[in-house]
Each structure stands twice: as structure tokens, then as C-alpha cells.
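Below: the structure, in C-alpha cells.
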Amino acid sequence: MRLPRTRPRSLAGQLFAMQVVLVAAVVAGCAFFAYASGSAQARETAARQARAVAVSVADAPSVREAIRTPDPSAVLQPYAERVRKDTGIAFVTVMDPHRVRWTHPDTDRIGETFLGHTARALRGETFSETYTGTLGPSIRVVTPIRDGGRIVGLVSAGITVDRVSSQVRAQLRALALAAGAALALGGAGTYVINARLRRHTHGMNAAELSRLHDYHEATLHAVREGLLMLDGQRRIALINDAGRELLGLAPGTVGRRVAELELPAPLTGALLASEERVDEVHLTADRVIVVNTRPVVGGERRGTVVTLRDHTELQALSGELDSERGFTQALRSQAHEAANRLHTVVSLIELGRADEAVGFATAELELAQALTDRVVGAVGEPVLAALLLGKAAQANERGVELVLADDSLIDDGVLPATLPQRDLVTVLGNLIDNAVDAASEAVTGPPGIPGQRAPERPRPARARVTVTALACDGELLLRVADNGAGVDPADAAEVFRSGWSTHGAGRGLGLALVRQAAHRNGGTVTLAPGPDGGAEFTVRLPLPEASGVRKEATQ
């Protein structure tokens with residue numbers, strides 16, 4: 001039968017056990033040191049007290065006078081007992097130079113020989129020793145009694161070792177109480193600290209924490225989404241490789257404040273927001289990213305967790321899909337119009353008016369072929385030519401005339417392979433779409449807003465968008481102008497900001513994508529009043545010299 005595997009003690013439990021043992025060892029060490037030093041100090045104090053008593057008795061004139069009498073014990077015994085009781089020592093013994101006692105606490109011992117050493121005292125020294133006498137082991141001091149230049153007697157004063165030990169034991173009890181209180185206080189403090197540590201580590205042991213850290217590091221480097229963690233001071237506490245790449249940050253940004261990262265203002269505002277943000281689209285210099293934020297709460301604001309998703313390619317594909325949908329709708333409309341014209345031709349033939357049928361068909365064919373020939377002859381880049389033809393069909397469906405400027409010219413093979421075709425579609429497609437919207441509204445009027453009356457302004461007879469596509473002087477120039485209402489000069493600095501639009505929420509990303517694509521390819525985009533009264537957007541993208549761009553002045 002296999003015994004169940006016991007789970008290792010948690011890190012907080014291990015630290016608690018170690019700290020309790022450490023505190024107990026420190027307290028025990030301190031207690032032992034205090035006991036040893038207290039015992040030595042008690043013996044030293046006892047020796048000093050005995051010395052003071054012995055020397056005081058030996059120097060007393062009454063003691064020397066009593067020694068001169070025929071019976072010194074009669075005077076010295078009461079005196080010695082009075083001194084012993086007043087000073088609290090164990091005994092005061094006065095003896096002659098031959099160690100015969102004149103005084104003793106036990107009167108039956110008077111006249112007997114003193115038990116102890118006296119040789120050094122007979123030489124004139126005062127010394128102390130521990131000796132076992134009639135009262136048991138004692139700490140005693142022996143000093144000579146001088147009368148003139150002669151030693152006429154000796155005085156020994158002492159304190160029994162039992163009394164000293166009893167004093168030390170009394171101190172030890174107090175020390176034990178203090179040590180116990182210190183141990184209890186240290187244990188309680190250690191328990192509180194480790195309880196807090198247990199909450200922070202969720203009861204995991206060292207091996208589990210190490211394994212969790214390894215998984216954490218592996219996950220951060222493996223996940224393709226950007227992950228950013230901010231502390232309560234809005235400083236970067238953690239960021240993975242994908243997060244640095246999406247935000248365009250250099251290594252070593254941990255610890256820096258978000259406001260110091262020089263990110264676009266809307267993105268910085270989203271990262272610093274105290275409320276939760278869900279699937280917000282933001283633009284950096286080179287990318288479209290989707291931002292989600294969630295505050296970390298726990299009684300106080302502890303920080304924010306931010307996830308970042310790269311939306312650049314998805315946004316480009318979405319734009320291409322919108323273009324394809326527009327092409328499909330334009331083809332459907334053209335098919336419908338072609339069917340109507342074909343029916344007209346057939347009806348004219350059935351009515352016997354063949355000459356009028358041929359004239360009608362020839363005029364329609366020349367009108368449709370003229371723009372195709374103009375675009376194909378001027379723009380040799382297939383992607384741009386197809387885009388212009390498709391946008392022309394869409395514009396015509398909305399009653400807008402799309403015109404290719406006379407100075408437009410892009411030879412086949414001029415554009416380098418390093419210039420992404422997707423960026424060309426993004427730039428020119430969004431500019432034409434905005435221009436068609438503006439020109440169409442200038443003729444038909446903007447969508448009505450409930451409760452608000454549209455301002456009166458002169459309307460052009462026909463909506464028109466003029467496109468210029470020219471490659472010369474080492475750059476690609478794409479210019480789109482319309483005869484719409486134009487852009488308010490007060491809004492000129494805001495039109496390229498993500499989310500700015502005159503058509504309500506959910507719009508305003510096209511021009512931001514145009515500026516981003518131009519920046520990504522080292523180009524610029526500018527806004528100016530158009531020659532027909534509307535807005536004119538100009539994009540300039542540098543081209544390498546080796547691309548064969550012809551050298552001529554821009555008209």
C-alpha cells in the first residue's frame with residue numbers, strides 16, 4: 001500500500017519555522033549570556049562587599065584597642081556580629097596572627113583555628129578567595145590588622161556561595177520571564193509577517209513559486225499578443241516582447257512612466273484611463289492595434305493589465321474587402337445599366353430604327369472606353385489602374401465624376417517592389433472614398449440630423465473628383481481633390497486623428513490609415529484647399545533612383 005505523498009510545506013511555513021528557531025536560539029543565547037555575566041557580576045559584587053567590610057573592620061581603632069586587652073573576644077564578638085547584621089554578609093571573623101578565632105557567628109567556634117589561607121595577609125596583602133569553611137563554600141576576603149608597623153591580627157569577611165546563588169536564581173527567574181515574553185512577542189510578530197506572506201504567495205512553496213516563475217517567463221515570450229502591466233504609479237511593471245514590438249519601444253522601458261514613452265495621445269490616454277477599455281482601435285506610427293485594459297483592484301488601485309493585438313493586416317484586409325465589395329456593387333450596377341441599354345438598343349431595332357440604335361450603342365461604348373483608355377494609358381501600374389477604374393465605377397454609381405488629371409503618368413515597372421501594393425491601395429482608395437463622399441454631399445446635401453437644420457450653401461452643378469498619379473523626380477505623387485464643401489481650417493490639424501469624422505461614431509479611420517501608410521514608407525501627406533473649392537490631399541512617397549523614375553518637373 002502506497003502512502004499518500006505529502007505536499008511540501010509552503011514557503012511561508014518554512015520561513016515561519018526557520019524564524020521561530022532563529023528567535024528561540026537568539027533568546028536562549030541572550031539568556032545564557034545574561035546568566036553567565038550575572039553570575040560573574042554577583043560574585044564580583046560579593047567580593048567587593050566582603051572586602052569593604054573586612055578593610056573597614058581592620059582599620060577601626062576600637063578593634064586595635066580590643067586586641068590589646070587580655071580578652072579580645074569580649075569586645076570584638078559583639079562588634080563583629082553588629083557589623084555582620086548591618087552589612088548583610090555571612091560572617092566577620094577576627095583572629096590572631098596564628099589563625100585562632102576571636103569572633104565567629106557560632107560562638108562555639110570561638111577559639112578554634114580559622115579554616116582558610118592567611119599567608120598572603122600575614123605578608124601585608126588583602127586578597128579574596130572561595131573556600132569551604134564551617135559555614136560551607138564562601139567568597140571571603142582576608143586582610144591584616146596593623147598596629148603601628150606590626151600585624152597584630154587578621155580579619156576575614158565573607159558571603160556564602162549559597163546566598164550568591166540564591167540572588168542569581170532570583171535574577172534568573174526574572175530573566176526567564178523576560179526571555180519568555182521576548183520569545184512570545186517574536187513568535188507573534190513572525191506569525192503575523194508570515195501570514196501576510198502566505199496570503200501574497202497563496203500558500204505555495206518555493207518549488208511551486210519557482211515553477212510558476214518559469215511558466216510565467218515562458219508564457220510572456222511565447223504569446224504573440226502584447227502584454228503590458230502598469231503599477232499604481234502608472235509605471236511599466238512588466239512588458240513582453242510582442243508588447244515592445246507593437247508599441248515600438250526599446251528594451252529597458254520597465255520602470256518608466258507611460259507618459260514618458262512618447263506614444264500617440266489617444267493611446268496614452270487609453271493606457272492611463274482608470275476605467276476598463278474594451279477593443280479600442282488605436283494607431284501608432286506603423287501599426288493599428290486593438291487595446292483592452294482592466295484595472296487590478298484589491299482595496300486600492302494596484303495597477304492595470306493591458307493586452308494589445310496587432311490589427312494592421314486585418315485592417316488592410318478589411319479595406320481590400322470593402323474595395324472588393326464596392327467593385328462587386330459597381331459591376332452589378334453596370335450590369336444593370338448595360339441590360340437597360342441593351343434593351344433600349346433591341347427596342348430601337350424592333351421599331352425599325354436601326355441607325356438610331358447603332359448611334360446610341362456607339363456613343364455609350366465610346367463614353368465607357370474613354371476613361372479606360374485614359375487610365376490604362378497614363379497609369380502603367382496594374383494595381384493602381386484597376387483601383388482607379390473600380391473607384392470610377394463606384395463614383396459614377398453615386399453620381400460623381402472621377403477624372404484623371406492630364407499630367408498623370410506612372411510607367412509600368414517604375415514603382416519598386418519595396419513599396420507595398422497594399423499601402424498604395426490604402427492611400428489612394430481612402431482618399432478617393434472620402435473625396436467621393438464630400439463631392440456627393442456637396443450636390444445632394446449631407447445626411448439630415450434630427451432636430452438640426454443643415455446650413456445653406458451654394459451647390460455645384462455636378463460632383464467631381466480629380467485624381468493625379470505621377471512618378472517623377474524620385475517620388476510618387478498621389479493627389480486627390482474634390483469640389484465639395486472642403487475642410488474647416490480649425491479642423492485641419494485633427495482630420496488625420498483616428499476617430500475624427502463628420503459622419504458620426506464608428507468612422508474616422510481612413511485618413512489616419514493614409515498618414516500611417518505614408519509614414520511607414522517615409523512619405524508625407526498634406527491637406528490644402530482644392531482648386532474647385534473643396535479639399536485637396538497630397539501624398540508624396542520617396543522612390544529609389546534605381547527604379548527608373550523619369551526626371552521632369554511636377555506640374
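Just so you know, these numbers use all the heavy atoms, side chains as well, and skip hydrogens, waters and symmetry mates.
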Original post:
Do Val291 and Arg277 have side chains that get closer than 4.5 Å, going by heavy atoms?
Top reply: no
**OP:** Can you measure from CD1 (Ile239) to CG (Leu228) and round to the nearest 0.5 angstrom?
**Re:** 5.0 Å
**OP:** Specify the closest pair of heavy atoms between Trp102 and Ser73, including all atoms of both residues, with the distance to one decimal.
**Re:** O-OG, 2.8 Å
Original post:
Does Asp231 reach the main-chain N or O of Ala237 with its side chain, forming a donor-acceptor pair under 3.5 Å?
Top reply: no
Original post:
Between Pro105 and Ala90, which heavy-atom pair has the shortest distance, and what is it?
Top reply: CG-O, 3.8 Å
**OP:** Could you go through the side chain to side chain contact (heavy atoms under 4.5 Å, CB included) check for Phe537 and Leu511 one step at a time?
**Re:** CA-CA 10 Å; Phe537 290 88; Leu511 289 177; 4.0 Å; yes
Original post:
Would you say Thr103's side chain and Val94's backbone share a donor-acceptor pair under 3.5 angstrom?
Top reply: yes
**OP:** Tell me, yes or no, whether the heavy-atom count around Arg48 atom CZ, taken from other residues, nucleotides or ligands under 6.0 Å, exceeds 12.
**Re:** yes
Original post:
Within a strict 4.5 Å, meaning less than it, do heavy atoms of the Glu280 and Thr293 side chains meet?
Top reply: no
**OP:** Any chance you could measure Leu271, atom CG, to Arg234, atom CZ, to the nearest 0.5 Å?
**Re:** 10.5 Å
Original post:
If you look at every heavy atom in Ala157 and Val53, which pair is closest and at what distance?
Top reply: CB-CG1, 4.1 Å
Original post:
Is there a donor-acceptor contact under 3.5 Å from the side chain of Asp96 to the main chain of Ile67?
Top reply: no
Original post:
Step by step, would you call Thr524 with Val539 a side chain to side chain contact (heavy atoms under 4.5 Å, CB included)?
Top reply: CA-CA 6 Å; Thr524 60; Val539 177; over 6 Å; no
Original post:
Given side chains that start at C-beta, do those of Leu76 and Val57 come closer than 4.5 Å, heavy atoms only?
Top reply: no
Subject >> Separation between CG of Asp423 and CG of Asn521, rounded to the nearest 0.5 Å >> reply: 4.5 Å
Original post:
Atom CZ of Arg123 and atom OG1 of Thr118: how far apart are they, to the nearest 0.5 Å?
Top reply: 10.0 Å
Original post:
Which heavy-atom pair separates Leu424 from Leu476 by the least distance, and what is that distance?
Top reply: CD2-CD2, 3.7 Å
Tell me which donor-acceptor pairs under 3.5 Å the side chains of residues 136-147 have, and how far apart each pair is, sequence neighbours excluded?
{"from": "Ser138", "atom 1": "OG", "to": "Tyr131", "atom 2": "O", "distance (Å)": "3.3"}
{"from": "Ser138", "atom 1": "OG", "to": "Arg140", "atom 2": "NE", "distance (Å)": "3.4"}
{"from": "Ser138", "atom 1": "OG", "to": "Arg140", "atom 2": "NH2", "distance (Å)": "3.3"}
{"from": "Arg140", "atom 1": "NH1", "to": "Leu115", "atom 2": "O", "distance (Å)": "2.4"}
{"from": "Thr143", "atom 1": "OG1", "to": "Thr126", "atom 2": "OG1", "distance (Å)": "2.7"}
{"from": "Arg146", "atom 1": "NH2", "to": "Gly124", "atom 2": "O", "distance (Å)": "3.1"}
{"from": "Asp147", "atom 1": "OD1", "to": "Arg68", "atom 2": "NH2", "distance (Å)": "3.1"}
{"from": "Asp147", "atom 1": "OD2", "to": "Arg68", "atom 2": "NE", "distance (Å)": "3.1"}
{"from": "Asp147", "atom 1": "OD2", "to": "Arg68", "atom 2": "NH2", "distance (Å)": "3.1"}

Original post:
Is Arg99 reaching over with its side chain to a backbone N or O of Gly116, donor-acceptor style, under 3.5 angstrom?
Top reply: yes
**OP:** Please check if the side chain of Thr307 supplies one atom and the backbone of Glu225 the other of a donor-acceptor pair under 3.5 Å.
**Re:** no
Original post:
Quick one: CZ on Arg515 to CG on Leu527, what's the gap to the nearest 0.5 Å?
Top reply: 12.0 Å
**OP:** Look up atom CD in Gln516 and atom OG1 in Thr426, then write down how far apart they are to the nearest 0.5 Å.
**Re:** 9.0 Å
Original post:
What closest approach, in Å, do Ala121 and Leu154 show between heavy atoms, and which atom pair accounts for it?
Top reply: CB-CD2, 3.8 Å
Original post:
Judged by atom type as modelled, is there a donor-acceptor pair below 3.5 Å linking the side chain of Arg101 to the main-chain atoms of Thr113?
Top reply: yes
**OP:** Please report the C-alpha distance between Ile289 and Leu267 in whole Å, then the side-chain angles of each, then the deciding distance to 0.1 Å, and finally whether the side chain to side chain contact (heavy atoms under 4.5 Å, CB included) criterion is met.
**Re:** CA-CA 10 Å; Ile289 59 177; Leu267 178 57; 4.0 Å; yes
**OP:** Apply side chain to side chain contact (heavy atoms under 4.5 Å, CB included) to the pair Asn292 and Arg309, showing each step before the final yes or no.
**Re:** CA-CA 9 Å; Asn292 286 273; Arg309 295 198 310 272; 3.4 Å; yes
**OP:** Taking all non-hydrogen atoms of both residues into account, name the closest pair between His104 and Ile110 and its distance.
**Re:** N-CG1, 3.9 Å
Original post:
Heavy-atom distance under 4.5 Å between the side chains of Leu261 and Ile236, does that happen here?
Top reply: yes
